[in-house]
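All figures in this text were calculated on a predicted structure; none of them were measured in a lab. Both backbone and side-chain heavy atoms feed into the values below; hydrogens, waters and symmetry mates do not.
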Amino acid sequence: FYRLYGDVDGDRQVTTAEYNKARQALGSVRGGVAYDPAFDYDGDGQITTADFNQVRARLGRVLLAP
């Protein structure tokens with residue numbers, strides 16, 4: 001099982017659409033309308049700059065099939 005962090009739709013790549021969703025979630029907390037646990041890299045219940053930077057670092061990457 002392989003997972004590319006930031007790829008929330010499962011197409012094995014981190015796209016601009018996913019980047020934009022992460023940007024919209026930035027600053028949100030668990031239970032908030034904009035919160036998406038898929039972008040909470042460290043699982044602390046809030047989407048911080050550190051979480052967002054993990055998505056940004058993978059923008060444009062594609063996970064090739066093994």
Side-chain angles (χ1 to χ4, degrees):
F1 177 72
Y2 295 93
R3 179 176 183 250
L4 180 60
Y5 180 76
D7 173 23
V8 297
D9 62 9
D11 66 354
R12 302 175 70 92
Q13 58 186 335
V14 179
T15 63
T16 304
E18 289 155 328
Y19 172 85
N20 288 336
K21 287 179 184 178
R23 198 171 79 202
Q24 290 173 345
L26 183 60
S28 64
V29 296
R30 187 179 293 127
V33 176
Y35 180 79
D36 185 339
F39 297 119
D40 188 1
Y41 185 79
D42 56 13
D44 66 354
Q46 53 189 340
I47 311 298
T48 64
T49 303
D51 300 309
F52 177 73
N53 287 340
Q54 292 295 326
V55 175
R56 186 175 64 169
R58 292 163 178 82
L59 179 61
R61 289 200 183 162
V62 177
L63 183 64
L64 301 175

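A heavy-atom distance below 4.5 Å is not found between the side chains of K21 and D36. Counting heavy atoms from C-beta on, the side chains of N20 and R23 come closer than 4.5 Å. Counting heavy atoms from C-beta on, the side chains of N53 and T49 come closer than 4.5 Å. Looking at D7 and E18, their side chains come closer than 4.5 Å, going by heavy atoms from C-beta outward. By the 4.5 Å heavy-atom criterion applied to side chains, V55 and V14 are counted as neighbours.
Across G43 and R30, no two heavy atoms sit closer than the pair O-NH2, 3.7 Å. Heavy-atom minimum distance, L64 versus R12: O-NH2, 2.9 Å. The nearest pair of heavy atoms linking A34 to A25 is O-CB, 3.4 Å.
With rounding to the nearest 0.5 angstrom, the CZ atom of R61 is 13.5 Å from the CD atom of Q13. Residue L59 holds its CG atom at 13.5 Å from CD of Q54, rounded to the nearest 0.5 Å.
Aromatic ring orientation, Y19 versus F52: tilted (interplanar angle from 30° to 60°).
Of the possible donor and acceptor atoms, one in the side chain of D51 sits under 3.5 Å from a partner among the backbone N and O of D42. Put simply, the side chain of Y5 gets close to the backbone of F39: a donor and an acceptor are under 3.5 Å apart.
V29 and Y41 end up in different hydrophobic clusters when Ile, Leu, Val, Met, Phe, Trp and Tyr side chains are linked at under 4.5 Å.
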